[in-house]
Amino acid sequence: MKIIVIILSAFLLMGTSGQPGIYATNTGIIHFSSEAPMELINASSKELKGAVDPDKRTFAFRVRINSFEGFNSPLQKEHFNENYMETEKIPEALFSGKIIEDVKLFVNGVYSIRAKGMLTVHGVSQERIIKSEVEVKNGVMKIKSKFTLLLSDHNIPIPRVVKEKLANEIKVEITAVLIQK
Amino acid sequence: MRFLLLYSALVLCFINLSAQSNLSLTPVLNADAVSGKPACLLFSKKGMMYAATSNGLYLFNGISLKPLSHKNENVQNVSCLFEDRNGVLWMGCANGSVFLFEKNNIQEWKPQEGLPQKGISSIKMDAQGQVWLATKGEGIYVYSNKKVYNINTADGLSDDYVYDLHVTGSYIIAATDQGISLCKFKNGEKEIEVINTTQGLPDNIVQTINADAKQKNKVWLGFQNGNAGVFDVANHTYENFFHATEADVSVEQILPLDEEVWILHNQGIISIKRSSSSQKSKTSTASLKSAVKDDEGNIWLFTHSGLYRSSGEQLQPLFSIPDDQMNYVNDLLPDNQGCFWLTAKGGLRCYKPAGGTYESYFVPLPLKSKSDITCLYLDAQQTIWIGTMGDGVFKYNIKSGKIQPLFDDKDIHKASILSITGNAQNIWINSLEGVWHYNMLTRLYEKFETVSITGSAYIYYVFEDSKGNVWFATDGKGLAVWRNGRYTAYREKDGLAAKVIYSVAEDKYGNIWCNSLNNGIYKYDGKRFTHFGKVQGLPDAAITSLTTDTIGNVICIAASECFLINAGTGVITPVTSAAGAGAMNTNLNSSFSNGAKTWFQAGNRVYSFQIPSYKRITLPQTRIVNLELFLSAIDTTVKTFAYDENNLSFTFTGFYYSDPSKVMYQYKLEGYNNEWQSTKDGYVNFPKLLPNTYTFRVRSSVNGNFSNASEAAYTFTIKKPFWRTWWFLILSITAVTAILILIIKTREAEVQKIQQLKTEKLKSQYETLKNQVNPHFLFNSFNTLLNVIDEDPKKASVYVEHLSDFYRSIVNLREKDVIPLEEELKFMEHYFFIQKKRFGDALQFINGISVQDAAAYTLPPLTLQLLAENAIKHNAVSKEKPLTLHVHISNRYLIVENNINPKLNTEKGEGLGLQNIKNRFQLIADKEVNIEHTQSTFIISLPLIKIV
């Protein structure tokens with residue numbers, strides 16, 4: 001928790017005095033899809049905020065739930081926020097932790113790493129290991145990652161009436177470009 | 001005085017036996033036979049051994065390594081093996097990848113979280129089904145509910161480099177570089193407790209954790225600094241057991257057995273007795289990689305120089321006897337202090353355990369002559385009774401060292417003693433001079449009368465069983481028993497086909513066993529004798545001694561090996577002859593058993609034999625290893641084959657790791673040949689099998705006796721080609737029958753039709769004939785002729801021409817079946833000419849048929865004529881009421897119409913003519929004739945036959 005606070009508050013101070021070497025972004029893309037027998041739902045947010053400390057190999061990401069766009073209808077977006085994610089109560093989803101591999105992310109290169117941390121969605125935290133492809137080139141870090149999220153893991157129940165329209169297994173894809181400060 | 005002499009004569013010479021390794025290992029596979037660098041071994045619950053090397057996974061069948069992962073090149077450098085509770089084999093590799101082996105298939109484990117990047121040292125599954133993977137540098141991964149979690153130093157793990165894992169009831173113990181961690185993982189919650197040097201461990205680098213079947217709540221820990229000890233799982237305390245004295249010894253693995261604990265370290269193996277940790281034996285091996293216990297009681301070691309086997313606790317050589325003394329060893333006796341007393345020349349030799357080997361010292365006996373010392377017996381007061389050939393019996397008290405000859409009976413002191421046996425109450429001394437009985441309570445001797453039953457035959461052995469009956473094993477007179485004051489002798493008539501019996505023993509069930517000269521072993525259950533010979537699987541008929549244990553086994557020691565007979569089932573199993581190849585050269589009756597362990601002398605060594613508690617398999621386990629159809633492998637779940645898939649091969653193995661070269665097989669293919677075929681090959685091929693249901697059975701044995709053998713079977717069916725199936729045959733037969741019936745019926749119908757046609761033709765002929773012979777017609781015709789002659793003679797000749805043509809036509813046409821319509825019409829012309837002459841204009845004939853039509857159709861002859869006749873017959877023909885006959889064709893029907901002029905007096909007709917026409921048309925044209933009868937008109941429709 002402390003790591004998140006330090007990194008993000010440093011960043012939120014309009015980047016005036018961030019720790020040297022930290023890669024950060026405010027415009028990462030996070031996209032999720034639910035593939036159910038009767039319906040396909042897709043939505044993305046272009047406001048994924050994240051930071052990676054290459055020295056300590058730690059990271060922190062967050063996204064506002066109501067920044068997701070692209071549902072099949074405005075009503076669906078409303079249900080998403082009000083009924084399922086309860087965005088008024090829990091406005092953000094978070095993922096923060098440490099990178100397992102002993103990689104030197106301040107050196108240019110392509111790395112396949114595993115991020116181990118706590119993924120908090122709908123207020124429920126789950127320890128996850130998420131595999132990511134990281135490309136570092138001249139102070140720019142591109143992160144691509146794909147993983148699956150189970151709604152049941154995060155206390156998001158699916159009502160019986162929409163059983164065929166909403167999948168418990170949500171596929172999430174992240175593409176983010178972080179700039180070194 | 002004598003005793004002083006004796007004492008001084010007691011030369012105590014300590015002979016240090018050369019420090020040869022007591023731990024004997026038999027090489028099974030040398031380094032060349034192992035592909036790649038040896039890594040680990042696993043003995044699966046199904047009784048098969050798997051070996052992993054740097055080149056992949058192999059199945060060891062006792063003789064060679066069979067590659068299992070050759071199709072998957074990624075399986076390299078397997079660093080650990082684990083069999084989970086579902087029988088799936090997990091393989092962890094040095095590069096972090098994980099493979100699963102199940103049902104002959106290898107699959108890569110690919111969780112979505114990715115794989116470790118460091119090598120995997122151990123894999124285990126806990127009671128909840130979660131899989132724990134220990135890595136060398138990334139801590140522990142837990143696979144639970146299809147997700148992979150990680151436990152490392154950030155979560156409290158003692159160190160990220162984990163050597164080993166162990167599952168206990170409450171948590172998982174991880175051995176790391178910084179002590180051990182007791183971990184719990186449930187619902188994502190981690191709980192870790194660390195135990196290291198501060199809590200009493202001798203070292204922080206814990207390299208191995210091993211379970212102990214004898215102490216369920218304790219585990220053995222092996223340390224890098226050469227220590228090994230026991231950790232109590234319940235109260236978290238540690239007790240050290242072993243500390244290496246040499247330098248640079250690090251403990252790699254610990255194998256706790258029944259009475260010993262084997263500590264495998266980087267330079268060799270040390271086996272330590274649990275009861276007294278001072279008793280050790282050791283051996284050096286080149287970099288040991290892995291060691292496992294199999295279910296047959298063997299211990300397998302995988303090292304850089306190959307695969308080795310040790311019979312472990314089953315058969316252990318204890319010490320060697322110097323060659324010059326070997327011939328004098330006639331009996332051996334362990335005492336209660338772990339020493340072994342052996343008969344020697346002129347006295348006894350005691351072998352005493354000392355620091356890993358045995359030291360021996362000699363106790364001389366005051367013998368008057370150079371008699372052999374033949375037998376030993378230890379009584380309850382720690383006194384050894386020593387029998388000699390010619391000097392009687394001596395008593396030697398171990399504690400005091402006092403030797404005393406038995407002089408109580410003057411006959412004994414010169415006797416040649418053959419055996420001394422006894423129990424708490426009685427001691428039986430058996431000599432060439434007779435049998436003496438000594439009562440331990442009254443301390444009285446008495447000579448026992450045996451001549452009445454044995455005559456002059458020698459008695460080799462006297463044995464008192466648990467019921468107090470005394471058995472005598474004689475040379476030449478079979479077996480005799482003294483029961484309730486009376487003797488009973490057993491000879492051939494009772495089922496005992498041996499005259500020379502060497503010794504008698506009693507098993508745990510109360511049966512009496514005896515062994516004979518070259519005749520095997522007999523068991524007497526109180527009623528009859530059962531023989532155990534070569535047929536039952538006795539490997540060697542010359543058995544030198546017989547003892548029993550408390551589990552229910554009879555241990556037989558023969559000249560070349562020793563084996564067991566299970567007293568309950570009668571199953572004979574060989575004991576591993578790990579002592580070394582070649583004859584064991586055992587001596588008559590030179591063995592001793594205390595019920596749990598048996599000791600015997602063979603050649604120049606003394607062995608101890610016991611059945612370890614972890615020995616579950618005594619017979620080869622038969623398995624069908626491979627099934628091939630036309631030389632390509634298929635899975636045994638396939639049970640049905642098409643008729644042309646008829647070439648099947650079976651590869652089978654009787655897994656018997658103790659002595660795989662002895663395994664022989666019997667197989668049979670029920671449905672092909674119901675007799676068992678013997679083979680030593682593990683392969684049989686059946687080409688060109690006929691369609692049938694078959695069961696392939698195979699069983700294996702090591703001694704030729706298959707009555708209790710483990711059997712593997714496979715049932716399959718080769719389907720008949722569809723043209724041989726019953727339903728097809730029935731269908732074919734039915735079809736053929738149906739066709740035949742159809743043919744016959746059609747023929748019948750045809751014949752009938754022809755018959756009918758003939759009949760009708762005849763009828764019509766008859767009718768026509770009748771009509772033509774009809775006097776009326778002729779009469780009328782001649783009357784008309786008369787008139788015409790008067791009128792006009794020329795017309796008359798025309799008239800006669802027509803009349804003659806008419807009759808000629810009848811002659812020509814009447815026999816035909818059908819005639820062309822034009823001919824019939826021509827015929828009608830004649831007829832009408834004649835009739836018109838008679839009736840004049842009162843009769844009209846209108847022919848509405850065109851010439852083409854007339855040429856196109858046929859019909860039965862004289863039809864129209866008959867109809868015309870009928871019309872004239874049934875109607876009035878006069879100027880006032882003229883009769884008109886009209887013919888025309890409509891829709892291939894010839895329509896014959898006439899108006900109806902009812903007559904005043906009707907001429908009777910029988911209607912046969914019309915019926916005849918109907919019939920004929922039915923037969924010829926196969927169509928019906930329609931008759932329409934209105935008030936004014938009579939219409940008849942005749943179906944015509946078109947000329948083809």
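Everything quoted here is computed from the prediction, not taken from an experiment. No hydrogens, no waters, no symmetry mates; every other heavy atom, side chains included, goes into these values. The chains referred to below are lettered A, B, ... by the order of the sequence lines, with proteins before strands, and numbering in each begins at 1.
If you measure heavy-atom distances from B:D155 to chain A, the contacts under 4.5 Å come from the side chain alone. A:T148 touches chain B through backbone and side chain together, each having a heavy atom under 4.5 Å away. At a 4.5 Å heavy-atom cutoff, A:D102 makes no contact with chain B through either its backbone or its side chain. For B:K190, the part sitting under 4.5 Å from any heavy atom of chain A is the side chain, from C-beta outward, and nothing else.
A 6.0 Å sphere centred on NZ of B:K118 holds no more than 12 heavy atoms belonging to other residues, nucleotides or ligands. Around the CD atom of B:Q128, the shell of radius 6.0 Å holds more than 12 heavy atoms that belong to other residues, nucleotides or ligands. With a 6.0 Å radius and a threshold of 12 heavy atoms from other residues, nucleotides or ligands, B:R85 has its CZ atom above the threshold. Atom CD of B:E108 has more than 12 heavy atoms from other residues, nucleotides or ligands within 6.0 Å. More than 12 heavy atoms of other shown residues, nucleotides or ligands fall within 6.0 angstrom of atom NZ in B:K147. Within a 6.0 Å radius of NZ in A:K171, other residues, nucleotides and ligands contribute 12 heavy atoms or fewer.
Not a single donor-acceptor pair under 3.5 Å links the side chain of A:E101 to the backbone N or O of B:Q117. At distances below 3.5 Å, at least one donor-acceptor pair connects side-chain atoms of A:R114 with backbone N or O atoms of B:L115. With hydrogens and angles ignored, the 3.5 Å screen pairs no side-chain donor or acceptor of B:E113 with any backbone N or O of A:R128.
Of the N and O atoms on the side chains of A:K116 and B:N152, at least one donor lies less than 3.5 Å from an acceptor on the other residue.
The two residues B:N150 and A:E127 make their nearest non-hydrogen contact at N-OE2, 3.1 Å. The two residues B:Y149 and A:I129 have their closest heavy-atom pair at C-CD1, 3.8 Å.
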